[in-house]
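As structure tokens, the structure follows; a few thoughts come after it.
So you know, we letter chains A, B, ... as the sequences are listed, proteins then strands, and number each from 1.
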Protein chains: 2
Amino acid sequence: MRSYSEYCAVAKSLDVVGDRWTLLIVRELTLRDACRYTDLRNGLPGIASNLLAERLRDLEAAGVVAREDAPPPVATTLFRLTPRGEELRPLIDELMRWGLPLMTEQSPDDAVRSHWLAGALDLMTVDRQSKGPPVTLELQIGDQPIALKLHDGAIETGLGPVENPDATLSGPPRSVLGLLLGLLELAEAEAGGVSYRGDPAILDRVGAKPMAATAPS
Amino acid sequence: MRSYSEYCAVAKSLDVVGDRWTLLIVRELTLRDACRYTDLRNGLPGIASNLLAERLRDLEAAGVVAREDAPPPVATTLFRLTPRGEELRPLIDELMRWGLPLMTEQSPDDAVRSHWLAGALDLMTVDRQSKGPPVTLELQIGDQPIALKLHDGAIETGLGPVENPDATLSGPPRSVLGLLLGLLELAEAEAGGVSYRGDPAILDRVGAKPMAATAPS
DNA sequence: CAGCATCCGCTTTGATACTG
DNA sequence: CAGTATCAAAGCGGATGCTG
């Protein structure tokens, strides 16, 4: 991207990460750690192959991403955030926070990936019953199941199947999210195509994280 | 901008604010409150006039910016962030934080505006002598003076001249910033073209804000 | 003068095909 | 798997002109 040529910290940041696709590449690497080129392509549906290659080169030159040769058994190239790249995590979190209200609009041709949603849930939900017994909830949305482990007031999110979940939840992502964040009642969500199996009390434990106090200006 | 068509909060945010110039427009409005079209142009050197108009229309449609007719004496249009737009402030702050290390590189054709620097100083500096008497420091960098008012461990930044400042500081922005953030000693900064008038003890009171603890993941 | 709209050459992106 | 090559379409930058 052409530099903004402004002696301003915001502009300098955008000179590095302001290109189209760039912050989504960083998102992939923050959500999934080291990725192969192919993993990145899968997590960035619609990106042109030449653009991905070019962005990775730019990010490497900027010291945000590092390329490493994977250990022997696999023998492939891995892309990983450098420490400087890791410092972009709060920025990705802010984008996620600000974008969450926009998740009420789901276009029919929106791609869905479980790790995107897991990241948002990780950031935005809590176990409201801090003294409750540990329970696990499996969400069937996106390209793979999402595991929610509730314990001690926190929710740990993970990808992949859960053995013997205490409850399972599936349906249109929009409705599943609305239900988990407390914007929809179970009955409404079910009318919206959600299917839930398990004790409804478990669902009630999941809620939106209270907003952090506004940062001191 | 073309939508990323991803059902992901980060992508949804970038669908709204990911266009070139868009976040810099938001920066202007967060740093300077309501702006006229002309003020925005001045704060965004290099933007094409049609692009500014188009971005403002897009931001208005997205509910981020509102247009209002200014009160009688001036009778001009003002652009202002909506409450939803104000919620982007933490994002701008994060961009500023991440970009600050890049301020060590100042290209000769970088434009400089005082309010950009005042914003960064506001975010990143503290009065290290929390019990010291209130003092004011005037910086002569950019297109207008910057006032730093040190009192009770905090630094209040403002734009415009100070009457009877306790100290004044001028020179190349890069060096002035390095001096204030403690990356340069006064002697080094002076070698770099900085000129300081006042008690050196005042300078010592200004320092970089200690990093906030990493946000709980 | 403030707030745009139009035009045009240039750069970036998107889609697909191809390669070591 | 990890890219390069190609080319049309879209977006941007800069200049200029228009309107209240």
**Q.** Strand-adjacent residues in residues 11-28 of chain B, judged by heavy atoms under 4.0 Å from DNA chain C
**A.** none
Q: Provide the full list of side-chain hydrogen bond (donor to acceptor under 3.5 Å, both in side chains) pairs with a residue in residues 161-171 of chain A, sequence neighbours left out, each pair given once.
A: none
Q. Applying salt bridge (Lys or Arg N to Asp or Glu O under 4.0 Å), which residue pairs with at least one partner in residues 5-15 of chain A are found, sequence neighbours left out?
A. E6(A)-R27(B), K12(A)-D110(B)
Q.
Going by ring-ring contact (aromatic ring centres under 6.0 Å, His included), name the residues that satisfy it together with Y37(A), two or more places apart in sequence or in a different chain.
A. none
What is the distance from [atom1] of [X] to [atom2] of [N], rounded to the nearest Å?
X      : N       : atom1 : atom2 : answer
M1(A)  : dT13(C) : CE    : P     : 7 Å
I47(B) : dG13(D) : CD1   : C1'   : 11 Å
L44(A) : dA15(C) : CG    : P     : 14 Å
L52(A) : dT13(C) : CG    : C1'   : 14 Å
L51(B) : dG14(D) : CG    : P     : 10 Å

**Q.** Under-4.0 Å side-chain N/O to phosphate OP1/OP2 contact, R2(B) with dT12(C)
**A.** no
Flag side-chain contact, heavy atom, 4.5 Å: [X] against [Y]:
X       : Y       : answer
L139(B) : L180(B) : yes
L52(A)  : F79(A)  : no
T136(A) : L150(A) : no

Q. Any Lys/Arg nitrogen of E94(A) or R97(A) sitting under 4.0 Å from an Asp/Glu carboxylate oxygen of the other?
A. yes
Q: Could you verify whether a donor N or O on one side chain and an acceptor N or O on the other, from Q144(A) and H115(A), lie under 3.5 Å apart?
A: no
Q) In the 5'-to-3' direction, what one-character label does each nucleotide of nucleotides 3-8 of chain C receive under the scheme B = base within less than 4.0 Å of a protein heavy atom, S = sugar-phosphate only, - = no such atom? A) SBBBB-
How close do [X] and [Y] get, heavy atom to heavy atom, and via which atoms?
X       : Y       : result
V126(B) : A208(B) : CG2-O, 3.9 Å
W116(A) : G43(A)  : CZ2-O, 3.2 Å
S5(A)   : D109(B) : OG-OD1, 3.5 Å

Q | Sorted by number, the residues of residues 59-66 of chain B with heavy-atom contact under 4.0 Å to DNA chain D | A | none
